[in-house]
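Have a look at the structure below, then the notes.
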Amino acid sequence: MTSIQSRRAFLRRGAALGGASLAAPFVTNLAAIGEAAAATSPDYKALVCIFLYGGNDYANTLTPYDQASYNAYYAARPTLAHRRDALAATALMPTNALAGGVQYALAPSLAPLLPLFNGGRLAPVLNVGTLMRPTTKAQFLAKSVPLPPKLCSHNDQQSIWQASSPEGASSGWGGRMGDLFQSGNGSAALTCIGTQGNAVYLTGRSAVQYTVGTGGPLRLNNNATSIFGSSQAASAMRSLMTSSSGNMLADEHAIVSKRALETYNQVSSALGTAPESDFPLFPANNSLATQLKIVARMIAAAPQLGAKRQVFFVSMGGFDLHDNLATQHPVLLAQLAEAMRAFHDTTVAMGASNNVTTFTASDFGRTLLTNSDGSDHGWGSTHFVMGGAVKGGRIYGTPPVIGNNTQDDIGQGRLLPTTSVDQYAATLANWFGVSDGDLSTVLPNIGSYDRSTWNLGFV
């Protein structure tokens, strides 16, 4: 492993990275890439979920671009549609030709991601959504197969995405992966890590989630070493907080408190080897970028923490755009693209891009038809997978027919998913190291799908 100091010196020069083949706009000194040091050992892997709360609008994220599909898209939402000429600069040329000559373009605001797609580091996955088993439109209409409960409900669909169960689920598939790998980490508490409070995605049956603030570990009791000037009082307070009392709830609180106090010192020390000043590529005034910066710092500190497998969860909100979609959605996508690009280029600088896979998720897609200046709750949606191990430059999944009440939607352009969250998650889990034999532990619905479709091949 090359030295952390070399990585730090490299990052301080502010070279943004991603490789010459990606024509990264931030690159100022390509020769410096040779100094980029692997911040993690080769057997380290991190899986990073970016959850877009509110339900992202699929049609204005990855937009139909071939003339026939674009015409159907424009006819369905003339007041919200991107102009076709505005899409020319972000039109995708995948290495796999899609049936019927279908083409797509990234939303103009997602332009920073285009070099990653062209460089094979980014892959869109079409029409992903919550399912219990493969479902045709005829089966949906006849209600002849089980369907996810409470379709179009924010809370329930967020939970099914993250946990395979509706609101009230006790564990998520990120946490259940953590169950399998936490014993191999130096600290089990640092297996499942979030930046925005608790998310069911990170909770395992035994693995617990750890929340880290954007500036570093969160201080319990302000990490006080004295109370009113008394170190003895502070010590007594810590003892009260961490001692067993015989009461089940109090004892669990003591366990959590002790873990928080101990982990704070461990994480704080490790992050000292990866100070914020070494991560200059992340834009300011971008909440998602700030969250991804601390994730990058945690990944850089992984050797000091003894971590081999880590699951991260970051998020941004604002996607429930029943109104003002044309003005607000591009702003959200621009923030998403800037944050994702900065994170990718930073992992390249760290020599860790092959060890880090990032993916998007959201409550659901939205309707293709408009409700004047917005879109309503839908079902299937497009998502992105990013990283050095991703087989990018290709488009995965089945292109849906664009329109209202086609064979691919259930009305108003609400897509009936053709790729399930379970298949999407199973592909990521396989890359992370979960065996086929353990997949049913992580994803209880995966057995409803033919084994040949468990891995979609995008990573």
Side-chain angles (χ1 to χ4, degrees), residues 40 43-51 158-165 167-213 217-218 220 242 248-249 251-267 270 291 294-295 298-299 301-315 355-359 361 421-422 424-446:
T40 56
D43 59 346
Y44 174 86
K45 287 187 177 181
L47 196 58
V48 182
C49 176
I50 300 175
F51 204 91
Q158 290 164 11
S159 183
I160 294 172
W161 248 101
Q162 297 181 30
S164 304
S165 296
E167 188 177 20
S170 60
S171 68
W173 57 269
R176 294 191 291 265
M177 283 193 293
D179 292 338
L180 299 174
F181 293 103
Q182 63 178 340
S183 63
N185 285 338
S187 172
L190 297 174
T191 303
C192 302
I193 302 171
T195 61
Q196 294 277 290
N198 290 338
V200 68
Y201 171 78
L202 290 175
T203 300
R205 296 184 178 97
S206 59
V208 295
Q209 57 184 298
Y210 178 75
T211 300
V212 61
L218 300 178
L220 186 62
T242 59
M248 183 170 64
L249 291 177
D251 286 352
E252 184 62 27
H253 182 271
I255 291 170
V256 172
S257 297
K258 183 177 181 180
R259 183 171 61 233
L261 289 166
E262 292 175 348
T263 307
Y264 173 85
N265 292 327
Q266 184 182 14
V267 173
Q291 294 172 65
I294 190 62
V295 171
M298 291 292 292
I299 291 170
Q304 286 71 40
L305 298 169
K308 297 297 184 183
R309 291 290 186 276
Q310 290 182 298
V311 182
F312 293 93
F313 185 91
V314 298
S315 63
N355 306 96
V356 181
T357 296
T358 304
F359 65 96
V421 172
D422 298 87
Y424 184 67
T427 307
L428 295 164
N430 275 166
W431 171 81
F432 198 61
V434 178
S435 67
D436 280 0
D438 284 328
L439 272 180
S440 60
T441 299
V442 174
L443 299 161
N445 295 325
I446 195 64

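Throughout, numbering of the chain's residues begins at 1 and tracks the sequence. What you see is a predicted model, and the numbers here were worked out from it, not measured in a lab.
Taking the side chain to side chain contact (heavy atoms under 4.5 Å, CB included) definition, one finds that F432 meets it with K45, L47, M177, F181, R309, V311, sequence neighbours left out. Evaluation of the ring pair (Phe, Tyr, Trp, His ring centres under 6.0 Å) rule for F312 yields no partner, not counting sequence neighbours. Under the side chain to side chain contact (heavy atoms under 4.5 Å, CB included) criterion, T211 pairs with N198, L218, sequence neighbours left out. Partners of D436 under the salt bridge (Lys or Arg N to Asp or Glu O under 4.0 Å) rule, at least two apart in sequence or in another chain, are R451. Under the rule for a side chain to side chain donor-acceptor pair (under 3.5 Å), the partners of D179 that lie at least two apart in sequence or sit in another chain are S206. Partners of S171 under the side chain to side chain contact (heavy atoms under 4.5 Å, CB included) rule, at least two apart in sequence or in another chain, are R176, R205.
Remark: side-chain polar atoms of T203 are not paired, donor with acceptor, to backbone N or O of G172 under 3.5 angstrom.
Residues N185 and L190 fail the side-chain proximity criterion, which asks for heavy atoms closer than 4.5 Å. Counting heavy atoms from C-beta on, the side chains of S164 and D422 come closer than 4.5 Å.
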Full working for side chain to side chain contact (heavy atoms under 4.5 Å, CB included) between V295 and V212: CA-CA 9 Å; V295 171; V212 61; over 6 Å; no
Worked verdict on Q310 versus Y44 for side-chain hydrogen bond (donor to acceptor under 3.5 Å, both in side chains): CA-CA 8 Å; Q310 290 182 298; Y44 174 86; 2.6 Å; yes
Verdict with reasoning, I446 to W173, per side chain to side chain contact (heavy atoms under 4.5 Å, CB included): CA-CA 12 Å; I446 195 64; W173 57 269; over 6 Å; no
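For the atom pair CD1 of I160 and OG of S165, the computed distance is 7.5 Å after rounding to the nearest 0.5 Å. Here the CG-CD1 distance, from L305 to I299, works out to 11.5 Å after rounding to the nearest 0.5 Å. To the nearest 0.5 Å, atoms CD (Q196) and CZ (F51) are separated by 13.0 Å. The distance from atom CZ of F359 to atom SG of C49, rounded to the nearest 0.5 Å, is 4.0 Å. Between atom CZ of residue F313 and atom CD1 of residue I193 there is a gap of 14.0 Å, rounded to the nearest 0.5 Å.
V200 approaches A169 most closely through the heavy-atom pair CG2-O, 3.5 Å. Of all non-hydrogen atoms in G178 and T191, the two that sit nearest each other are CA-CG2, 3.7 Å. Shown here for S315 and Q291, the closest heavy-atom pair between the two residues is O-NE2, 2.8 Å. What you find for N430 and V434 is that their closest heavy atoms are ND2-O, 3.0 Å. Counting all heavy atoms, side chain and backbone alike, S440 lies closest to G437 at OG-O, 4.1 Å. Smallest separation of non-hydrogen atoms from Q162 and A199: OE1-CB, 3.8 Å.
Classification of the W161-Y424 ring pair by plane angle, with boundaries at 30° and 60°, yields perpendicular.
Screening T195, T358, I294 against V314 for a side-chain contact (heavy atoms from CB on, under 4.5 Å) leaves a single residue, T195.
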